[in-house]
Amino acid sequence: MNAIKSLNQEQQDIVAKMRTLITEVRKHNNAYYVMDEPTISDNEYDQLRLSLIELEERYPDLTQSDSPTASVGDNPLPSFSQVQHDIPMLSLGNVFNKEELAEFMRRVNDRLSSNNKNPAYEMELKLDGLAVSLKYQNGRFVRGVTRGDGQTGEDITQNVKTINNIPLVLEAAFDIEVLEVRGEVLMPKAGFERLNRKAKQVDGKIFANPRNAAAGSLRQLDPAVAANRPLAFYAYSVNQGLPEHIVNQSEALGWLKEIGFTVSAVKVVNDLEEAQAYYESVIEERSGLPFEIDGTVIKVDNLQLQSELGYLSREPRWATAYKFPAETVMTKLNAIEWQVGRTGQITPVGKLEPVQVGGVTVSNVTLHNIGEIQRLDVRAGDTVSVHRAGDVIPKVTRVWHELRPEDSQPVTLPTHCPVCDSPVVLPEGEALARCTGELFCPAQQQEALIHFVSRKAMDIDGLGERWLISFFEQGIVKTVADIYHLEQHREALINFEKLGEKSVNNLLAAIDNSKKTTLSRFIYAIGIKGVGETTAQNLAQHFGDLPALMDASIESLETVPDIGTITAEQIYDFFRAKHNVEVIEALIEAGVHWEKVEQVEAEGLPLDGETWVITGTLVESGMSRDDAKSKLQALGAKVSGSVSAKTSALLAGEKAGSKLTKAQQLGVRVVEETEFLQMIQD
Ligand code: IVH
């Protein structure tokens, strides 16, 4: 740095301006790259940096050696020169669980004299980057070297200068002749993502992970390229030049922070339990950290004790890495099985040779859908990489095609349900295949039963979910039709959970009552995918009776209000699955019946041709939405469940929400309750 004293007033002012800009740029570099919390816009940042560059170009003599733009003048290197480390850069041993950590602490204790037993430990994050040694002479940065083989590394001085949070001049260490600081160079997650995003736009190199990106950036021969890589340095030790009054590792890190370095979290612990608690707290915080870590490091805090303990071959006896369980492991995919979900979706599940991933044993992994299988190009017998981080669901991240057995076969979607043998369909444009045996498929029956008895469906009061599931598990009720044969199990029911005769009589009476229903309730109750209450009413109104609905083509289904192609196909498929038809026949045979629907002849009615939607609560009249709907239908309107450009009007009661907003956006007429009441009166 130029000595300010020998400069004239004008020069002093320019230097002061440069220093202000340097401080600002550094501050924002740190906020952006290290903390991932930029406080100014990219544009403002560029402006600041540009102002500094302009000053430096105008006054090259006054340019400050620690300027964050400093690298720009350096030329690409032909290669890196090799540098011998004064003190070898060693590595750490590993422990993976509490028992192994206890064993490490026991070994430390065994070696310490009796008055030094049970020392305090200092714990840090194990940063997932590259070890680098930085050397300062009288407070000025002179050389940066990679770890290399531990004895000799590569001189990366000019790249180190481009790392924004590395101080090039230490305000407080001018009196230390040689200071060596070691730490980790890493690429924060946000910077890594930004870099890859930019690279994608220009077809540049995509890095597999932040560590690779950091390594690639540090080994850039062209410092101008390195300067644009978002790297950060976290100091973790002082290997030469530590002031004598500092006696602990924790204090050393505090001092590093004071003189301008970034250090990661530090925690002093006194025993195994505290160490374990810290390790567990770090696991919790891990995903929220701005950079990647692969564990914690535990070090005997007292530096004197550290030197007493010394080294065993290439590892210190006073420290070890307490690593996180591996998050990505390779294993064999033994088979791919198709599972049927409660609502009929068919998903492929990979059966793995069990492995430990992220600390738990994993033997199943979802492969999501046939599209994902094709994308991964995965087959039974393949070797795969499985990743599981935190409580995230395990995932196949890679298929080792080079290790594929010769006789492996491509995976195809099953044509029939593995549970009930009904046809499987994969609707166009959808990812998930589904079983069409909604009423019959045992995998879907529990859901089907619960839906069938619900209030808006067959409304069988007294047949609660708990009993229903219990009956199902005992095999008394399998399909919804079996509900109407429960009287055959009268005796068993009376004894069942001490229900008693009275309750059973009530229950059987409720079941009997439910036999008399309406067509729309029945259509809703049989649980066709995509057919809610409104659609069921529209279908009943449109077709008038069940046989017409069962025979309807996709085209004619599409003419019913509210029904698009997907729902039309789902209804069509439902009635093509022979098992569903059998259950429907059994229901009718058991006595379920309804009156033929009087199809409203809409022609000539005031709201003929209009489609209405109802939302909110009708406070003034106290009318339920169902009542309002019947009134509208009686006036010839169709009533739909959702607002679209085709909607003629929205009847909006109190507390109308998103439907009202949507109607307003689409310019759909909004009718308030008063107006509606007036309308029906007229
Ligand atoms: S102390 C004698 N502290 O882990 C070695 N290392 O396997 C003392 N590392 O090469 C190293 N975070 O690159 C230390 N907080 C931390 C660390 C850390 C990451 C890396 C370092 C070293 C490797 C050892």
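Both ligands and their constituent atoms are indexed starting at 1 by order of listing.
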Inset, instruction - Examine the proximity of ligand 1 to Glu124 and report which part, side chain or backbone, both or neither, has a heavy atom under 4.0 Å away. - result: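 Side chain only; the backbone of Glu124 stays clear of ligand 1.
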Inset, instruction - Please work out whether any backbone atom (N, CA, C, O) or any side-chain heavy atom from C-beta onward of Leu125 is under 4.0 Å from ligand 1, and answer side chain, backbone, both or neither. - result: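 The answer is the backbone of Leu125.
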Legend entry - Lys351 side-chain N/O to Leu333 backbone N/O, donor-acceptor pair under 3.5 Å: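 No, the answer is negative, given that no donor and acceptor are paired below the 3.5 Å cut-off.
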Legend entry - Test item: Arg317 side-chain N/O and Gly310 main-chain N/O as donor-acceptor pair under 3.5 Å: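 Not at all, since once roles are kept as given, no pair shorter than 3.5 Å links the two residues.
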Under 6.0 Å from the [atom1] atom of [X], do we count more than 12 heavy atoms belonging to anything else shown?
X	atom1	answer
Lys117	NZ	yes
Glu402	CD	yes
Arg379	CZ	yes

Legend entry - Element-labelled atoms of ligand 1 that are located less than 4.0 Å from some non-hydrogen atom of Pro316: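 Those atoms are 2 (C).
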Legend entry - Subset of ligand 1 atoms that lie under 4.0 Å from at least one heavy atom of Ala131: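 Listed by number with element, the hits are 10 (O), 13 (O).
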For [atom], what's the nearest protein heavy-atom neighbour? Residue, atom name and distance, please.
atom	value
atom 12 (N) of ligand 1	Leu127 N, 3.0 Å
atom 24 (C) of ligand 1	Leu92 N, 3.4 Å
atom 4 (O) of ligand 1	Lys126 NZ, 3.2 Å
atom 1 (S) of ligand 1	Lys299 NZ, 3.3 Å
atom 9 (N) of ligand 1	Glu184 OE1, 3.6 Å
atom 5 (C) of ligand 1	Leu90 O, 3.5 Å

When you check the gap from the basic side-chain N to the acidic O, do [X] and [Y] get nearer than 4.0 Å?
X	Y	value
Glu180	Arg182	yes
Glu103	Arg107	yes
Lys267	Asp301	no

Inset, instruction - Decide whether the shortest distance between a heavy atom of Asn94 and an atom of ligand 1 is less than 4.0 Å. - result: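 Heavy atoms of Asn94 never come under 4.0 Å of ligand 1.
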Inset, instruction - Measure the distances from the heavy atoms of Arg182 to every atom of ligand 1 and state whether one is below 4.0 angstrom. - result: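 Outside the 4.0 Å threshold, so no.
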Legend entry - Trp400 six-ring centre to Arg398 NZ/CZ under 6.0 Å and within 45° of normal: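 Pair Arg398/Trp400 counts as cation-pi.
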Legend entry - Closest to atom 6 (N) of ligand 1 (judged by heavy-atom distance), picking from Tyr311, Tyr236, Tyr234: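 Among Tyr311, Tyr236, Tyr234, the closest heavy atom to atom 6 (N) of ligand 1 belongs to Tyr236.
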